[in-house]
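Read through the structure below, which is laid out as structure tokens, and then see the notes.
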Amino acid sequence: MSRPAMITRPGRRLLRERAVIILCTTALLVACLPLGWLLIEVFRLGIRHLSLDFFAAGTALPGLSGWGSALAGSAMVVGIAAVLGIPVGVGTGLYVTEFGSGLLGRVARVVCEALAGLPSIVAGMAAYGLIMTTTGRFSLLAGGAALAVILAPMVAMTTMAALQAVPRELREAASALGLGEATTVLRIVLPAAWPHVVTGTLIAFGRVAGETAPLLVTVLAVGGGLPRPGATVPTHVYAHATTSAPSWEGEAWAGALILVTAVFVLHAAAMSIWSRRGRVLPVRADRFPTGG
Amino acid sequence: MSPPLPDQALKVRQPTLPSPPRKSSGHIGPSRLPIRVRRTCRPSWLRCLTGALAGALVLAVALIAGELWVGSLPVWREWGPGFLSGRVWDPTSGQFGALPFLAGTLITSALALALALPVSLGIALLLVGFTPRPMESPLIFLVDFLAGVPSVVFGLWGIFVLAPLMESHLIPFVVASPLGRLDLIGSAGSGFSLLTAGLVLALMTIPLTAALIREALAAVPRTQWEGALALGCTRWEALRHVILAQAWTGIWAAAVVGLGRALGETMATVMTIGNRPDLTLDLLQGGSTLTAVIASEFVVTTSDMHMASLVAMGLILFGVSFALHGAGRLVVLGLHRGARS
């Protein structure tokens, strides 16, 4: 792109821009077509099988409990993951950003970043080895622990990002007013970062709720069979999809619709908190001039 | 977290109260000063609590690594590194080699990344440079939501929609075309193949890498973009010479994260790849990956060695994901240095 060409031939430059726009739009369409197709199929095939009966009745698949208990199992596993993972995640994020200049802080940061890329099935295998072999049959606990290992670094990363976005002047001002470090963090820094942390946690929740692989090797791995109490929605979808019979296929799509809806609701909630925070921010802005 | 608040706060503060008078007796000047100094030196209860939680996370990772190492020890004792280059996987006769799965993982991830990166770069450019403001946030929401769709749903779609489609349309077409004469693509019957798995993986990776690349592009200060436009650049020229020129680091990082996701993805792979422990470069053949073989055989292991081999593959995945993270950091560091010098 030499300078004279830029001046004398604007037509070609605009043409090039148009070509790039067309290319980029094509990329968007190439991605959106199959993805949209997937969502439409899930909705179209899933809605047929979804009714109150669907949750109350057992399934046709031998050895499996009904979708109602799968839903309860999912809630329990995700609940265990939340109880274990959220305090550890928020705590680690707080420690790394606020007090993490030492060795532990640096190690914890690297561990969080690397853990976020850990294949989830590996967490499941380790949970199986550590929990199932020592306590015997507590399959839901092992599944919850595996999910907590996946949830904690994600929560920690959003907490770090949120706290880093809080301007340093706030901390310095709090310190200058004589507040201790605990009070500064709890009363000044966390309130400013809270919406961001909640948003990230909701999105992380969405990912954990659909997580299948670690549950496949923990919840389903009791005695090599499919135990009744240890059913969850994602593993149910997998079990129904991989056993070939038409009616089970329909139930798998219904289960997928439940999962996709849950993820959508969580994302929408995260988005609404995020945008409400955007509206709150100007009010905050005159208290904290640089925002937060 | 809230109940221990007043209790622990007292515990930390109380020992400091009696000591200052003794300490400050030798000092001249205001006796308050030593108290403040001591109090800031002593770690607050919050620092201790969050430190313990961070320590718990680090400990958990150490436990995971230790568990995987101990669980896979029989394999390393028996075969050592030869496990990685073993070509045969046959649990019934007690032969365990990881090479077919390593190859399958590499092929599907490379395929997925090669397909996903250009497409997500295009989407990110569109979002940053050419999208009208009111459309921007719904599109960002859509991309984020799609990145959150569970992988088992992608697998379901792969089984019932994509694989039959591949079987009935694409495979006959490819075999009939000149491509069919290449060694890379042979004749095959089933729609469950490395290619199908690679396509589903690409589809799953696109929203993630697109979101990450968009963030990298958006991190370049908006004023520079406006400055370039004011100088008479077209939007594409501004994107290319101002934004892309500075965002390469972020794009590389996004590629590394996308590769990590493709390598570690389990459900979509195990449901579409065909799960055959064959060493093949033929994209239309069924194959398997590290994650897929763990998912399909972990529950039905036939011997202790079988279990240990699967755990060894878990250890490989663990090591690769940490190494990939390290490599990502090095790339980012190196590029930063290169940009500065």
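What you see is a predicted model, and the numbers here were worked out from it, not measured in a lab. Within every chain, numbering begins at 1; the chains are lettered A, B, ... in the order of the sequence lines, protein sequences first and strands thereafter.
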For a 4.5 angstrom cut-off between non-hydrogen side-chain atoms, does A/E98 reach B/R47?
no
Compile the donor-acceptor pairs under 3.5 Å between side chains in residues 203-214 of chain B and protein atoms, sequence neighbours left out, one pair per line.
unit_1: B/T205; atom_1: OG1; unit_2: B/L201; atom_2: O; d: 2.5
unit_1: B/T209; atom_1: OG1; unit_2: B/S120; atom_2: OG; d: 3.0
unit_1: B/T209; atom_1: OG1; unit_2: B/T205; atom_2: O; d: 2.9
unit_1: B/T209; atom_1: OG1; unit_2: B/I206; atom_2: O; d: 3.3

Do the non-hydrogen side-chain atoms of B/T50 and A/T92 ever get within less than 4.5 Å of each other?
no
May I ask you to decide if B/V161's main-chain N or O and A/E41's side chain share a donor-acceptor pair within less than 3.5 Å?
no
Toward chain B, the part of A/V96 with a non-hydrogen atom under 4.5 Å
neither
Is chain A contacted by the side chain of B/V61, its backbone, both, or neither, given a heavy-atom distance below 4.5 Å?
side chain
Top of A/V263, A/V111, A/V237 for chain B proximity - count of heavy-atom pairs under 4.5 angstrom:
A/V263
Cut-off 4.5 Å, heavy atoms of chain A, and the answer for B/M313 is neither
Cut-off 3.5 Å, no hydrogens considered: what does the side-chain donor-acceptor table look like for residues 140-158 of chain B, sequence neighbours left out?
unit_1: B/S151; atom_1: OG; unit_2: B/E265; atom_2: OE2; d: 3.1

In short, B/L57 meets A/C112 closest at the heavy-atom pair CD2-SG, 3.5 Å
Would you check if A/E17 and B/F130 make a side-chain contact, meaning some heavy-atom pair closer than 4.5 Å?
yes
Can you label the angle between the B/F298 ring and the A/Y128 ring as parallel, tilted or perpendicular, going by 30° and 60°?
perpendicular
Under 4.5 Å from a heavy atom of chain A, the part of B/I294 involved
both
Side chain, backbone, both or neither: which part of B/R235 has a heavy atom under 4.5 Å from chain A?
both
Quick one: do B/V270 and A/Y238 satisfy side chain to side chain contact (heavy atoms under 4.5 Å, CB included)? Show the steps, please.
CA-CA 10 Å; B/V270 74; A/Y238 175 68; 4.0 Å; yes
